[in-house]
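First the structure, in the form of structure tokens, and then the observations on it.
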Amino acid sequence: MSGDHGHRDSQVNSGSKGSDSHKHKDKHKDKEHRHKDHKKDKERERVKHSNSEHKEHSEKKHKDKEKLKHSDGSSDKHREKHKEKDKDKEKRREEKIKSYHSDKPKKEKENGYVRDSSPAVIKSEPEEDNGFYPSPQHNKTSKRDHDDEEFEYKPKKVKTEHDKKAKKRKHDYEDDEDDEDIKPKKKTKDKKVTEGKKAKKEEEEKWKWWEEERYTDGSKWRFLEHKGPVFAPPYEPLPDKVKFYYDGKAMKLSAPAEEVATFFAKMLEHEYTTKDIFRKNFFKDWRKEMTSEEKSKITDLNKCNFSEMSEYFKAQSEARKQMSKEEKLKIKEENEKTLQEYGFCIMDNHKERIGNFRIEPPGLFRGRGDHPKMGMLKRRIRPEDIIINCSKDSKHPKPPPGSKWKEVRHDNKVTWLVSWTENIQGSIKYIMLNPSSRIKGEKDWQKYETARRLKKCVDRIRSQYRDDWKSKEMRIRQRAVALYFIDKLALRAGNEKEEGETADTVGCCSLRVEHIKLYPKIDEQEYVVEFDFLGKDSIRYYNKIPVEKRVFKNLQLFLENKQPEDDLFDRLNTSILNKHLQELMDGLTAKVFRTYNASITLQQQLKELTCPDDSIPAKILSYNRANRAVAILCNHQRAPPKTFEKSMQTLQTKIDEKQNQLSTARKQLKSAKADHKASHDDKSKKAVEVKRKAVQRIEEQLMKLQVQATDREENKQIALGTSKLNYLDPRISVAWCKKWDVSIEKIYNKTQREKFAWAIDMAEEDYEF
DNA sequence: CATAAGACTTAGGAGGATCATT
DNA sequence: AATGATCCTCCTAAGTCTTATG
């Protein structure tokens, strides 16, 4: 793919050579992408630069005179000429409160154990076990061999039953591969027993899969039984009174055509429906559903009037909101029932929650950003499209009466229960387990362990890629510069995408010339690179950042003789990069850097920002700020809430009111004091106390409001959720909570606590990422 | 090797549920 | 109780990376 980029049409972008391709026309024109104002870039910078892990070693002088050969043998005209004393331009953010931590790295356990699969009774995690599933009697297998990076650690047997003794035991595998040597013998839980006994009891019933051994033969389970998916409800034709009009005349549509029409009608309010591509795609697919009469009659979407249908749906949703309590309750119970029936499966003796047990209903495809396929019909999935995956010896799910599954297979090398092929991109969709499940949790845990292993060798890797900036080979220089971006800026890898099939977005390896600008000198800074491109989900990445001279020179070199739409790294792709990374560290891929940098940033920001004397709300603000630093690093954005300005205003009004209250209260306190001085009697003394309390209370309230305001303002267009859920080692947060006596509920909601149960259970306050 | 298919993680938004305020 | 703000859950698209295939 990178080979053919030579001469793309670029009229839109820079007006140079017109030619054959239209690929990149109009990009960045779509107002719908959030082009965030650049305010936050400042903040991004701040965060980055305060990240000591990222500190760039200021260079001595390198005379790099050596010639660089393109690997195709072309020329050595690229030489770098300048001596340099490449200064660390980065201003560090002044140190805040310094660590109150002893900072000595404690050794943590890696999750490198081997599961012992002795059979156990089914534990039902969710409160009620309705006895729906027969208990599987097999699973007699013993040891599973190990398949991943944690080989080095000696396995230890852990029993599966969950009596109290069992749970006190900590899996203590030390990794022996490095310099740390002390085993902090974790004393069995010395944690306080503050929790109510009810909570405690429940907790004890939870299955602690993390105390068990893992499969090591590549199999994901031994036994799997489930009820299959829940299908979308069948189409219910509109009442006759709801009319569709074509060219001003009412027209009764056949059921299939009507159904597709309702999809459009339901989106009428959305600006999607005003877009050309959307309308074109929709109309094309809609016509396919029409009878031949309809097809011949309906030839112009602009003559279609869906407004009655649209009104009807609005009225319906209004009616739904107005439903009585009982009706709502009934629906809720209904949902609960399907959840209980279809929402769980049995995997290896445990009842586990399924993530998405409902099949995606038909509708119009809504791609993100400038998606060429937006508006296409996403067709209804039937049992005949469905592949079921389960144990041979399980009770197989039954297809709905009168239908058959496409296939039933028994593949325990994969984790999914159900799959089907979607018609828009032709990709496969799956039904898998909930994040709280063992199978997801283990993987998640392992992800963080890999990132922690990177921590141990990141210095080596960094110095290596710095060396590689000087390589004679172009491909190596490109690889090294790309890796630098991935490490420093937490960019995504950037796989190639099929042109014209998806929105035009890029990641690191797929950056094009047009996505960066070089400024040898700008605003007091040297060697500045400006990034401006659309990343995943068409979220804009904008950043202007000084880089090391050598990187800058390399970039200039990479840009030579290229058109804006050419690949910046024309000799690199993600598989080359990942292959290289694999050689540097077992299990290392580009995305590990994101995880690593995110987690290490959180840990470090928490250290920096948390003041021991702060109140709990202030500590939580600090936590949110640390979280925010990560979100900025990873460019996790959100649309500013619709009502943001207004709600900010009301909050400000409240603050003003509070301030007035406060000054009144202070005056009263003063005069009470004066009274007391004059009279010295008991009564006035009491009055003083009362007023004092009042002032104090109001001060606290005011503080809280102000904290809230700051937090909200800073969070305007930053999404914290994604990093919290996917990038931050939860043990860092758990440890922080323990250390500062902040209850975990303040940081994680219920779902999050379920997902991170392993971390909550095992991390102590001295946990070090 | 290159490419496609497959599996699984990461992502922001919609809309309902819940909470706070009046 | 009504209303509005906020939180949470679900949804499913869009990535990454691995594995299979030619």
Side-chain angles (χ1 to χ4, degrees), chain A residues 1-3 33-34 218 220 266-267 270 317 320-321 328 331-332 335 339 343 355-361 363 365-369 371 373-374 378 387 389 411 413-416 419 421-422 424-435 439-440 443-444 447 492-498 501-503 505-510 534-539 573-579 581-582 587-592 594-595 598 631 634-639 641-644 646-648 650-651 654 708 712 715 717-727 748-752 754:
Chain A
M1 165 169 204
S2 50
H33 315 137
R34 255 166 289 122
K220 306 293 169 64
K266 282 176 183 165
M267 297 179 69
H270 205 288
S317 86
R320 221 172 304 126
K321 276 185 218 148
K328 281 185 180 166
I331 293 180
K332 213 173 163 184
N335 281 335
L339 173 66
N356 55 324
F357 54 91
R358 285 172 212 275
I359 300 276
E360 297 172 17
F365 176 76
R366 305 151 86 116
R368 316 228 171 110
H371 198 115
K373 300 196 171 179
M374 63 168 77
K378 206 169 89 163
I387 301 174
N389 193 31
D411 181 357
K413 301 283 192 257
V414 298
T415 67
W416 53 269
S419 76
T421 301
E422 156 265 359
I424 303 288
Q425 322 270 1
S427 64
I428 307 172
K429 301 262 189 166
Y430 304 93
I431 290 182
M432 292 181 185
L433 297 194
N434 196 72
I439 212 159
K440 294 289 186 191
K443 203 84 186 299
D444 205 37
K447 172 181 77 186
R492 295 187 184 83
N495 284 312
E496 290 129 276
K497 305 170 74 186
E498 207 166 338
E501 297 290 301
T502 60
T505 62
V506 298
C508 186
C509 295
S510 49
L534 297 182
K536 182 176 180 182
D537 291 322
S538 292
I539 296 292
N573 63 38
T574 52
S575 95
I576 295 173
L577 178 65
N578 280 335
K579 215 162 279 164
L581 292 175
Q582 185 56 233
L588 187 60
T589 61
K591 85 189 189 65
V592 178
R594 249 166 103 80
T595 311
C634 295
N635 201 39
H636 291 142
Q637 301 190 29
R638 63 167 182 169
K642 289 210 162 41
T643 54
F644 185 83
K646 205 169 64 186
S647 82
M648 216 52 209
T650 37
L651 188 55
K654 267 197 216 160
Q708 199 187 349
R712 203 191 291 173
N715 235 16
Q717 45 189 199
I718 313 260
L720 301 186
T722 305
S723 48
K724 204 185 223 181
L725 232 47
N726 301 302
Y727 288 102
Y748 289 139
N749 68 31
K750 187 162 144 284
T751 333
Q752 294 165 159
E754 280 165 10

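Fair warning: this is a prediction, and the values are worked out from it, not measured in the lab. Numbered from 1 within each chain, the chains take letters A, B, ... in sequence-line order.
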Practice task
Answer yes or no: does a side-chain N or O of K429(A) lie under 4.0 Å from OP1 or OP2 of dT12(C)?
Solution key: no

Problem - Interatomic distance, I428(A) CD1 vs dT9(B) C1' [rounded to whole Å] - result: 16 Å

Completion exercise
Side-chain contact check for N749(A): nearest option of dT9(B), dA7(B), dT9(C) is dT9(C)

Completion exercise
On DNA chain B, more 5' by nearest nucleotide between N573(A) and T421(A) is N573(A)

Practice task
May I ask you to say what K443(A) touches in the nucleic acid, namely base, sugar-phosphate or nothing, with a heavy-atom cut-off under 4.0 Å?
Solution key: sugar-phosphate

Problem - Which residues share a ring-ring contact (aromatic ring centres under 6.0 Å, His included) with F357(A), sequence neighbours left out - result: none

Exercise for the section: Return the nearest nucleotide to the side chain of R368(A); candidates are dC8(C), dG12(B), dA7(B). Expected result: dG12(B)

Problem - Distance, rounded to the nearest Å, where L534(A) contributes CG and dA11(B) contributes P - result: 16 Å

I'd like a table of atom pairs between the protein and nucleotides 20-22 of chain B - only N or O on both sides, under 3.5 Å - with the distance next to each one.
none

Problem - Contact summary for T502(A) and K497(A), nearest pair of heavy atoms - result: OG1-CE, 3.1 Å

Practice task
At under 4.0 Å between heavy atoms, which parts of nucleotides 15-22 of chain C does protein reach? Answer with one letter per nucleotide, 5' to 3': B base, S sugar-phosphate only, - none.
Solution key: SBBS----

Practice task
Could you give me the CA-CA distance, side-chain angles and deciding distance for I387(A) and W416(A), then say whether side-chain contact (heavy atoms from CB on, under 4.5 Å) is met?
Solution key: CA-CA 10 Å; I387(A) 301 174; W416(A) 53 269; 3.8 Å; yes

Fill in the blank from the handout: The salt bridge (Lys or Arg N to Asp or Glu O under 4.0 Å) partners of K321(A) (sequence neighbours excluded) come to E318(A)

Completion exercise
Taking for K378(A) and for N434(A) the nucleotide of DNA chain C with the nearest heavy atom, the one nearer the 5' end belongs to N434(A)

Problem - Between C1' of dA2(B) and NZ of K579(A), the distance in whole Å - result: 10 Å

Exercise for the section: Compare every heavy atom of F365(A) with every heavy atom of K373(A), then report the nearest pair and how far apart it is. Expected result: O-CD2, 3.4 Å

Completion exercise
Rounded to the nearest 0.5 angstrom, the CD-CD distance for E360(A) and E422(A) is 7.5 Å

Problem - Nearest-Å distance for atom pair CG/C1', residues L720(A) and dA11(B) - result: 14 Å

Handout entry: d(CG, N635(A); C1', dT10(B)) in whole Å
Key = 14 Å

Practice task
List in chain and number order the residues that pass side-chain hydrogen bond (donor to acceptor under 3.5 Å, both in side chains) with N434(A), two or more places apart in sequence or in another chain; answer none if no residue qualifies.
Solution key: S436(A)

Fill in the blank from the handout: The residue, K750(A) or E360(A), whose nearest nucleotide of DNA chain C is more 5′ is K750(A)

Practice task
Check every strand shown and say whether P361(A) touches a base, only sugar-phosphate, or nothing at a heavy-atom separation below 4.0 Å.
Solution key: sugar-phosphate

Exercise for the section: Please determine if a side-chain N or O atom of H371(A) lies less than 4.0 Å away from the OP1 or OP2 oxygen of dA14(C). Expected result: yes

Handout entry: OP1 or OP2 of dA11(B) under 4.0 Å from side-chain N/O of T722(A)
Key = no

Completion exercise
Of the candidates dA14(C), dC8(C), dT18(B), the side chain of K332(A) sits closest to dT18(B)

Exercise for the section: Could you give me the CA-CA distance, side-chain angles and deciding distance for Q752(A) and L725(A), then say whether side-chain contact (heavy atoms from CB on, under 4.5 Å) is met? Expected result: CA-CA 8 Å; Q752(A) 294 165 159; L725(A) 232 47; 3.8 Å; yes

Problem - Spacing of H636(A) atom NE2 relative to dA14(C) atom P, expressed in whole Å - result: 16 Å

Exercise for the section: Remember a base hit wins even if backbone is also touched, and classify G367(A) as base, sugar-phosphate or nothing at under 4.0 Å, heavy atoms. Expected result: sugar-phosphate

Handout entry: Spacing of N389(A) atom CG relative to dC8(B) atom C1', expressed in whole Å
Key = 14 Å

Fill in the blank from the handout: Result for 5'-nearest mapping on DNA chain B, choosing between S419(A) and Y727(A), is S419(A)

Handout entry: Between P of dC11(C) and CZ of R358(A), the distance in whole Å
Key = 6 Å

Handout entry: Heavy-atom pair of closest approach, residues V592(A) and G587(A)
Key = CG2-O, 3.9 Å

Practice task
Using a 4.0 Å heavy-atom cut-off across all strands, classify K724(A) as base, sugar-phosphate, or nothing.
Solution key: nothing

Exercise for the section: Tell me what K220(A) touches on the nucleic acid: a base, only sugar-phosphate, or nothing, going by heavy atoms under 4.0 Å. Expected result: sugar-phosphate

Practice task
Taking only the side-chain heavy atoms of T415(A) (C-beta and beyond), determine which of dC8(B), dA11(B), dA7(B) contains the nearest atom.
Solution key: dC8(B)

Handout entry: salt bridge (Lys or Arg N to Asp or Glu O under 4.0 Å) involving K328(A) - partner list, sequence neighbours excluded
Key = none

Handout entry: Of the listed nucleotides dA7(B), dT12(C), dT9(C), the one nearest the side chain of W416(A)
Key = dA7(B)

Problem - More than 12 heavy atoms from other groups under 6.0 Å of NZ on K413(A) - result: yes

